[in-house]
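One structure below.
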There are 2 protein chains.
Amino acid sequence: MKPRENIATIYEAALGVFADYGFKKATLEDIAAALGMTKGNLYRYARNKQDLYRNTVRHALLRWQGRVREAIEREADAARQFHVMCRKAVAYLAEDDALRRLLIRDPDIFPMFPADDPYADINANSVAMIRSILERGMAEKRFRSVDLDTVPEIIFSVYKMFIIRMYIISRDRAQEAMFTQTVALITQGLFQEEDRLQALNQGGDYDGSDAIPDPRLAGRS
Amino acid sequence: MKPRENIATIYEAALGVFADYGFKKATLEDIAAALGMTKGNLYRYARNKQDLYRNTVRHALLRWQGRVREAIEREADAARQFHVMCRKAVAYLAEDDALRRLLIRDPDIFPMFPADDPYADINANSVAMIRSILERGMAEKRFRSVDLDTVPEIIFSVYKMFIIRMYIISRDRAQEAMFTQTVALITQGLFQEEDRLQALNQGGDYDGSDAIPDPRLAGRS
DNA sequence: CTATAAATAAACAAAATGTTCATTTGTTTA
DNA sequence: TAAACAAATGAACATTTTGTTTATTTATAG
């Protein structure tokens with residue numbers, strides 16, 4: 001006989017309680033009460049409190065990622081996919097009240113400089129999503145050639161920086177405008193068309209080599 | 001030597017913690033940490049945790065009431081005072097984040113039907129404030145004559161009902177509109193001018209007696 | 001420098017909490 | 001219908017946390 005509760009129901013209830021009180025102050029009794037069961041029964045769904053917490057957060061992050069993926073898949077064009085990914089990835093947190101509040105309580109869920117990232121596999125999937133869009137954009141000749149080992153990581157880091165600034169450090173609307181500017185900067189570059197052609201002639205696109213251009217040659221053309 | 005901390009500082013810090021976690025989950029250690037002291041020292045400012053909570057809530061309610069009083073005192077006209085009182089009394093909670101969140105956590109602070117009102121003296125002051133405005137309005141011939149023993153209580157009850165509906169039960173913007181309608185209803189009455197004169201002739205104003213008009217006389221004029 | 005007040009931090013009793021498990025209840029199967 | 005099995009309860013228990021008290025230390029006033 002299967003458990004009477006769907007595991008997702010368990011995680012949703014747990015998410016709400018962890019969002020309200022944080023890991024420490026949330027009790028198994030609080031969560032069990034939210035589910036209409038006793039705390040002893042929770043051990044059928046999780047090894048211990050820490051295990052429940054970790055899986056609850058995973059559940060919420062995966063849902064976030066799933067929504068972004070769905071939004072991307074609705075776009076036929078790589079450029080539009082990139083824009084939609086950026087917008088949805090950030091906007092989602094405004095919609096997911098519980099995850100947002102939990103993130104604010106526990107910033108370690110989404111560390112800027114992770115010595116030990118508890119959700120590395122999920123974040124790796126996000127990076128892979130970005131890479132996939134860049135690959136497609138390059139294949140469709142919509143994007144410049146870029147290093148697919150590092151640029152997805154860079155974009156993900158910039159994105160992470162904004163999530164932290166917008167939702168964890170400050171809920172200032174100015175951060176949102178800054179994010180929009182940053183997306184424009186990344187997608188359209190800084191230079192005007194003519195200067196961008198100039199930069200291209202100097203190796204603006206990534207050609208696979210890791211040689212750092214001789215700075216003394218700067219300015220020559 | 002006086003306590004190194006001003007008591008209001010203590011209450012502000014406590015308010016923040018009680019708003020975040022509620023009475024039960026907030027710990028004296030949380031509050032002490034917010035103040036940069038140890039929990040043992042809190043006993044210089046409060047007899048016990050319950051005492052600290054009660055005084056913290058009093059502090060917040062008194063501040064609310066103080067702001068309403070200040071707003072009223074800026075108006076020269078009784079009618080404007082009444083409108084300003086209604087508006088400020090409700091709007092204040094949108095500004096006081098900590099008190100609002102605490103009220104949501106602990107509705108017993110502001111009970112609709114208090115068997116035992118823990119802040120009866122403060123609420124009595126609110127009723128007295130209303131009475132004062134009604135007295136002035138009547139003296140200035142701006143208001144109808146009303147029973148000053150019961151009508152202030154009625155207005156306060158209606159106001160309380162809206163606070164609970166707007167902030168505790170629902171944060172629906174429709175409640176706000178309903179409150180505005182109710183203020184208009186109370187201040188301008190339901191009847192048009194002519195019908196209001198008609199009602200006046202039938203004893204619409206309070207003449208001091210508690211006799212209930214004979215319902216069989218209804219309709220005659 | 002002394003007296004006094006404020007604060008710390010440890011001690012302590014009580015309460016709360018995470019975890020385990022004996023028992024009960026619900027469901028499935030023969 | 002009864003037996004087997006699974007899910008859930010709720011009590012027990014070890015551990016941790018918390019509210020409160022107080023001996024000691026630190027800060028301040030005179």
Side-chain angles (χ1 to χ4, degrees), chain A residues 1-60 98 101-102 105-106 108-109 116 118-119, chain B residues 1-60 98 101-102 105-106 108-109 116 118-119:
Chain A
M1 194 214 311
K2 65 185 183 182
R4 289 190 191 147
E5 288 295 348
N6 180 281
I7 192 65
T9 303
I10 303 293
Y11 292 150
E12 284 304 308
L15 182 65
V17 178
F18 285 131
D20 282 344
Y21 301 115
F23 176 79
K24 190 164 185 290
K25 284 182 184 291
T27 67
L28 293 180
E29 191 153 1
D30 289 337
I31 297 167
L35 287 157
M37 63 173 70
T38 60
K39 62 183 179 179
N41 194 39
L42 281 174
Y43 290 84
R44 296 200 64 84
Y45 301 94
R47 291 201 336 274
N48 52 41
K49 186 183 181 186
Q50 179 64 49
D51 183 56
L52 176 60
Y53 182 73
R54 184 173 164 280
N55 282 316
T56 295
V57 172
R58 285 184 61 82
H59 164 81
R101 290 188 291 117
L102 186 59
R105 282 193 184 283
D106 184 6
D108 285 342
I109 290 171
D116 173 50
Y119 308 99
Chain B
M1 195 211 314
K2 66 185 181 182
R4 290 189 191 147
E5 289 295 347
N6 180 281
I7 192 65
T9 302
I10 303 294
Y11 293 151
E12 284 304 309
L15 181 65
V17 178
F18 285 131
D20 281 346
Y21 302 115
F23 176 80
K24 189 164 187 289
K25 283 183 184 289
T27 67
L28 293 180
E29 191 154 1
D30 288 337
I31 297 168
L35 287 156
M37 63 173 69
T38 60
K39 61 182 179 178
N41 194 39
L42 282 174
Y43 289 84
R44 297 202 63 84
Y45 302 93
R47 289 199 339 272
N48 53 41
K49 186 183 183 186
Q50 180 65 48
D51 183 57
L52 176 60
Y53 181 73
R54 184 173 164 280
N55 282 318
T56 296
V57 172
R58 287 183 61 84
H59 165 82
R101 290 189 292 117
L102 185 59
R105 283 193 184 284
D106 185 7
D108 285 343
I109 292 172
D116 173 51
Y119 308 98

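Just the heavy atoms: all of them, side chains too, but no hydrogens, waters or symmetry mates, feed the values below. Protein chains get the first letters and strands the later ones, always in sequence-line order, with residue 1 at the start of each. Given the structure is predicted, the values throughout are model-derived calculations rather than measurements.
Nucleotide C:dT19 holds its C1' atom 17 Å from the OH atom of A:Y45, rounded to whole Å. Regarding A:L52, its CG atom lies at a distance of 16 Å from the P atom of C:dT17, rounded to whole Å. Between A:R44 atom CZ and D:dG10 atom P there is a gap of 16 Å when expressed in whole angstrom units. Protein atom OH of A:Y53 is 17 Å distant from nucleotide atom C1' of C:dG18, rounded to whole Å. For A:M37 and D:dA8, the CE to P distance is 6 Å, given to the nearest whole Å. Spacing between atom CD of B:E29 and atom P of C:dA10 amounts to 12 Å, rounded to whole angstrom units. A:L35 places its CG atom 15 Å from the C1' atom of D:dT9, with the value rounded to the nearest Å.
Of the candidate nucleotides C:dA9, D:dG10, D:dT18, D:dT18 has the atom nearest to the side chain of A:K24.
For B:Y53 and B:N48, the side-chain atoms include no donor-acceptor pair closer than 3.5 Å. There is no side-chain donor-acceptor pair under 3.5 Å between B:N41 and B:T38.
Within the nucleic acid shown, B:A26 comes within 4.0 Å of sugar-phosphate atoms alone, with no base atom in reach, counting heavy atoms only. A:T27 comes within 4.0 angstrom of sugar-phosphate atoms only, judged by non-hydrogen atoms across all strands, and of no base.
Between D:dT18 and B:Y21, no contact under 4.0 Å exists linking OP1 or OP2 to a side-chain N or O.
Ring geometry for A:F18 against A:F23 counts as parallel: the plane angle stays under 30°, on a 0 to 90° scale with 60° as the upper cut.
Of the residues near DNA chain D, A:K25 and A:G36, the one whose nearest nucleotide (by heavy atom distance) lies more toward the 5' end is A:G36.
In the displayed structure, B:E12 atom CD is contacted under 6.0 Å by more than 12 heavy atoms of other residues, nucleotides or ligands.
By the 4.0 Å N-to-carboxylate-O rule, A:K25 lies close enough to B:D30 to be salt-bridged with it.
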Practice prompt. Mind running side-chain contact (heavy atoms from CB on, under 4.5 Å) on A:V17 and A:T27 for me, showing each step along the way?
Written response: CA-CA 8 Å; A:V17 178; A:T27 67; over 6 Å; no
Between the protein and nucleotides 20-22 of chain D, list every N/O to N/O distance that falls short of 3.5 Å.
from: D:dT20; atom 1: OP2; to: B:Y43; atom 2: OH; distance (Å): 2.8
from: D:dT20; atom 1: OP2; to: B:K49; atom 2: N; distance (Å): 2.9
from: D:dT20; atom 1: O5'; to: B:Y43; atom 2: OH; distance (Å): 3.2

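Summarising the base pairing, C:dC21 is matched to D:dG10 through a Watson-Crick or G-U wobble pair whose two defining distances lie under 3.5 Å. Base-pair partner of C:dA30: D:dT1 (Watson-Crick or G-U wobble, both distances under 3.5 Å).
Among residues two or more places apart in sequence or in another chain, the salt bridge (charged side-chain N to carboxylate O under 4.0 Å, His left out) test is passed with B:K49 by none.
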